[in-house]
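Take a look at the structure below.
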Amino acid sequence: MNRNLMSVARKALTKVHSPNSPATNNKLFVAGLSWSVDERSLKEAFCSFGDVIEVRILYDKDSGRSRGFGFVSFCKEDEAVSAKDAMDGKALLGRPLRISYALERVRGGPVVVPRLPNGGDEGYNGSA
């Protein structure tokens, strides 16, 4: 059982980190949002690139303010690619956007933490 789980985790890491497999999809992660950006204004900023099927901004439970990031989903992958290429680094309401392709969130799946080469001890000589 444990060997099977490790095999699945290894395949997932290879798929995610393989330079030959593009990590594109139709959903974008949009960071750097101003508190004044709402879902309507975010949709308006991206609708010129294609059919926006969903916009979601995440809000803080206690304050109700935007957490400064959200997601924009397009009907087609090429629309998302165009939007990312055009909007990454561009300002929206005075703040530069940082855009990447969204990763699918898997509930209950194993959490895989990448390890640094040499255990992350590069430059450490053992003395305090």
Side-chain angles (χ1 to χ4, degrees):
M1 173 83 173
N2 202 7
R3 185 177 291 162
N4 189 24
L5 182 61
M6 291 300 292
S7 174
V8 170
R10 219 175 278 119
K11 285 179 185 177
L13 271 178
T14 302
K15 195 172 190 180
V16 170
H17 295 292
S18 172
N20 297 332
S21 65
T24 61
N25 58 31
N26 66 332
K27 188 174 187 178
L28 299 176
F29 171 77
V30 182
L33 296 176
S34 165
W35 283 341
S36 60
V37 172
D38 60 6
E39 291 178 349
R40 184 188 319 186
S41 60
L42 188 58
K43 183 174 184 173
E44 288 173 1
F46 282 85
C47 69
S48 65
F49 301 100
D51 187 18
V52 175
I53 56 175
E54 182 183 20
V55 174
R56 184 166 180 221
I57 295 176
L58 280 81
Y59 295 91
D60 182 74
K61 291 177 186 175
D62 297 328
S63 69
R65 281 187 173 171
S66 165
R67 293 178 62 192
F69 65 92
F71 298 91
V72 177
S73 297
F74 288 88
C75 189
K76 298 178 184 171
E77 185 176 317
D78 61 325
E79 297 169 344
V81 171
S82 296
K84 180 189 178 305
D85 291 345
M87 296 292 287
D88 192 23
K90 298 290 192 269
L92 178 63
L93 297 178
R95 300 224 12 193
L97 300 177
R98 295 179 313 279
I99 302 173
S100 60
Y101 298 103
L103 300 175
E104 287 302 315
R105 184 174 175 184
V106 179
R107 291 189 179 265
V111 176
V112 181
V113 179
R115 302 282 180 203
L116 296 174
N118 300 336
D121 292 333
E122 262 183 41
Y124 178 72
N125 63 12
S127 61

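Being a predicted model, the structure only gives us computed values, none of them experimental.
Ring centers of Phe49 and Phe74: at least 6.0 Å apart, outside the cut-off. Ring pair Tyr101/Phe29: centre-to-centre distance not below 6.0 Å.
Using a 4.5 Å heavy-atom threshold, the side chains of Leu33 and Arg95 count as separate. Contact annotation: the side chain of Val81 approaches that of Asp85 to within less than 4.5 Å [non-hydrogen atoms, C-beta and beyond].
Of all heavy-atom pairs spanning Gly89 and Pro96, the tightest one is O-CB, 3.9 Å. When every heavy atom of Ser36 is checked against every heavy atom of Leu93, the shortest pair comes out as OG-CD1, 3.6 Å. Residues Tyr59 and Gly64 share a closest heavy-atom pair of CD2-O, 3.5 Å. Looking at every heavy atom in both residues, Ser66 comes nearest to Trp35 through O-NE1, 3.2 Å.
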Please assess Ser63 against Asp60 for the test side-chain hydrogen bond (donor to acceptor under 3.5 Å, both in side chains), listing each intermediate value before the final yes or no. CA-CA 6 Å; Ser63 69; Asp60 182 74; 3.1 Å; yes
Decide yes or no on side chain to side chain contact (heavy atoms under 4.5 Å, CB included) for Leu58 and Phe69, but give the supporting numbers first. CA-CA 6 Å; Leu58 280 81; Phe69 65 92; 4.0 Å; yes
Verdict with reasoning, Leu97 to Phe46, per side chain to side chain contact (heavy atoms under 4.5 Å, CB included): CA-CA 12 Å; Leu97 300 177; Phe46 282 85; 4.3 Å; yes
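Distance check: Lys76 NZ to Ile53 CD1 gives 12.0 Å after rounding to the nearest 0.5 Å. Interatomic distance, Glu54 CD to Lys43 NZ, rounded to the nearest 0.5 Å: 10.5 Å. From Leu92, atom CG reaches atom CE of Met87 across 6.0 Å, with rounding to the nearest 0.5 Å. For the atom pair CZ (Arg67) and NZ (Lys61), the distance works out to 8.5 Å, reported to the nearest 0.5 Å.
Using modelled atom types, one side-chain atom of Asn25 and one backbone atom of Ala102 make a donor-acceptor pair closer than 3.5 Å. Using modelled atom types, no side-chain atom of Asn26 and backbone atom of Ser73 make a donor-acceptor pair closer than 3.5 Å. Of the possible polar contacts, one joining the Ser82 side chain to the Asp78 backbone as a donor-acceptor pair under 3.5 Å is found. Checking side-chain atoms of Glu39 against main-chain N and O of Ile57 turns up a donor-acceptor pair under 3.5 Å.
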